[in-house]
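Atoms within each ligand, like the ligands themselves, are counted from 1 in listed order.
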Amino acid sequence: MSDHLVRGLGLDDEIRILAVDTTETINEAVSRHGAYPTAAAALGRTMTAAVLMGAMLKNEEKVTATIEGGGPIGAIVADSNANGTVRGYLGNPHVHFDLNDSGKLDVKRAVGTEGYLRVVKDIGLKEHFTGSTEIVSGEIGEDFSYYFYASEQVPSIVGLGVLVNPDNTIKAAGGFIIQVLPGASEETFDFLDARAKEMEPVSKQIDKGLSPREIINEAIGEKNWRELGEMPVSFECNCSKERFLNAISALDPSEIMSMIKEDGGAEADCHFCRNKVWIEKEELQELITH
Ligand SMILES: [Zn+2]
């Protein structure tokens, strides 16, 4: 089955739980960026977290997550929304290291541990919610857990996993989030603490071919939750020639003139999807005369 997300409530509705398979979505992003395995894992984990956050939004709301840990990978940016579409980019996709001591991709080394995770939610009517926390791990999943706890005051368990094939395609990608809702009982906290210690890393679960529903079953037990919905997830970028023209029109007219004179037009390159668009000199000319 293609990429999808499942969300539900569990433990007598004291927790919210979401799980997602993002394998094809991350594969698309990684191939567009030409990312090496360690960079691919970092981008994939961040985009998967963005999808999970997007699924908690409504209507036209959007979320953008930025991770800047001071490592060789540079900044990672991912945005998503309530419709399950996501995109992302990173400063340097050509980062790869040997596996770490646990035999996993060394995401922490690529991301770095000196920096911040910032989340901006566009909740419409020009209103934004911004939260930011320091990087506590560099492995990204734990960084999002800490973010939810410290910035949004929602105790959360976040699992994110990406497995990369030897040819740099994505073997498996996905994740889950468990959030404790206000007024939850002591038993719920105790139960989750115990489960968190026993839970297999999500990358292993994905590798075994577990679906989002099965990941939730593994996490809290099949009888302990009820499903609220499912939605498809995909890579999608909303860039367009119009948007590029808009961005260029904000430049100084003299800069636009030099694009016309020196280059005979302009090539616009989208950070998120790496699509290139050629802007004709006549189109540039129009930006100046208006
Ligand atoms: Zn684009």
Any chance you could measure Ile170, atom CD1, to Thr22, atom OG1, to the nearest 0.5 Å? 8.5 Å
Classify the ring geometry between Phe148 and Phe144 as parallel (under 30°), tilted (30 to 60°) or perpendicular (over 60°). tilted
Main-chain N/O of Ser211 paired to His4 side chain as donor or acceptor, under 3.5 Å: no
Atoms of type N, O or S from protein under 2.8 Å of the Zn ion (ligand 1), total 4
Give a yes or no on whether the backbone of Asp13 and the side-chain of Arg226 come within a donor-acceptor separation of less than 3.5 Å. no
Taking Asp143 for the side chain and Ile135 for the main chain, is one N or O donor matched with an acceptor at less than 3.5 Å? no
Measure up the Tyr89 and Phe272 rings against each other and bin them: parallel (under 30°), tilted (30 to 60°), perpendicular (over 60°). perpendicular
